[in-house]
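One structure is given below, encoded as structure tokens.
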Amino acid sequence: MILEMALLTVKPGEGPAFERAMAEAQPLIAATPGFLGLELRPCLEAADRYLLLVRWERLEDHTARFRGSDRYAHWKALLHHFYDPFPVVEHYGEPVVSTPAPCG
């Protein structure tokens, strides 16, 4: 499993509109073979900042299958105008250290 991570900073005051646009865009990415799930989390310390986590089976599912699809153009049109600055997107492999949640 590959974990895609992007720290998204949206233009001031655009958070609610961005969240609505992300909800509209979510089916576009979910239709991609190899897509395993998506989370968008708001930052507690900084307004208008979000953490996007997307799980993929393989790196190519994101880089070729999604970004190479017609759906990606629609995704960009819905979301990219919100970002300032444009986010860096990185991909991470399996954990090298992991601690399970305590039982209780």
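- The side-chain contact (heavy atoms from CB on, under 4.5 Å) with Y50 is formed by just one residue from the set V10, L7, T9; it is V10.
- Counting only heavy atoms from C-beta outward, the side chains of H62 and V54 never approach each other to under 4.5 Å.
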Query raised in the report: What's the verdict on side-chain contact (heavy atoms from CB on, under 4.5 Å) for L8 and L40, showing C-alpha distance, side-chain angles and the deciding distance?
Result: CA-CA 10 Å; L8 309 174; L40 180 68; 4.1 Å; yes
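- Linking Ile, Leu, Val, Met, Phe, Trp and Tyr whenever their side-chain heavy atoms come within less than 4.5 Å leaves M22 and V89 in two separate clusters.
- Shown here for D84 and K11, the closest heavy-atom pair between the two residues is CB-CG, 3.9 Å.
- Taking both residues in full, the closest heavy atoms of A30 and F35 are given as CA-CD2, 3.5 Å, listed atom of the first, atom of the second, then distance.
- A distance of 4.5 Å separates OH in Y72 from CZ in R67, rounded to the nearest 0.5 Å.
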Requested in this report: Give the C-alpha distance, both sets of side-chain angles, the deciding distance and a yes or no for side-chain contact (heavy atoms from CB on, under 4.5 Å) between F86 and H80.
Outcome: CA-CA 8 Å; F86 196 79; H80 285 197; 3.5 Å; yes
Query raised in the report: Given the rule in the side-chain contact (heavy atoms from CB on, under 4.5 Å) test, do R71 and F66 qualify, once you have shown the distances and angles that lead to the verdict?
Result: CA-CA 7 Å; R71 293 181 317 282; F66 179 56; 4.3 Å; yes
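- Between L53 and L3 the shortest side-chain heavy-atom distance falls below 4.5 Å.
- Listed for the E94 side chain is a donor-acceptor partner under 3.5 Å among the backbone atoms of M1.
- A donor-acceptor pair under 3.5 Å links the side-chain atoms of T32 to the main chain of I29, judged by distance alone.
- A distance of 9.0 Å separates CZ of R20 from CD of E14, quoted to the nearest 0.5 Å.
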Query raised in the report: Stepwise, does the side-chain contact (heavy atoms from CB on, under 4.5 Å) test hold for L36 with W56?
Result: CA-CA 5 Å; L36 299 175; W56 299 97; 5.7 Å; no
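- Within the 4.5 Å cutoff, side-chain heavy atoms of R58 are placed close to those of R65.
- Between F82 and A21 the shortest heavy-atom distance is CE1-CB, 3.7 Å.
- Counting heavy atoms from C-beta on, the side chains of M5 and L51 come closer than 4.5 Å.
- You'll find the side chain of L79 reaches within 4.5 Å of the side chain of F18, heavy atoms only.
- By the 4.0 Å N-to-carboxylate-O rule, R55 lies too far from E4 to be salt-bridged with it.
- Between L78 and L28 the shortest side-chain heavy-atom distance falls below 4.5 Å.
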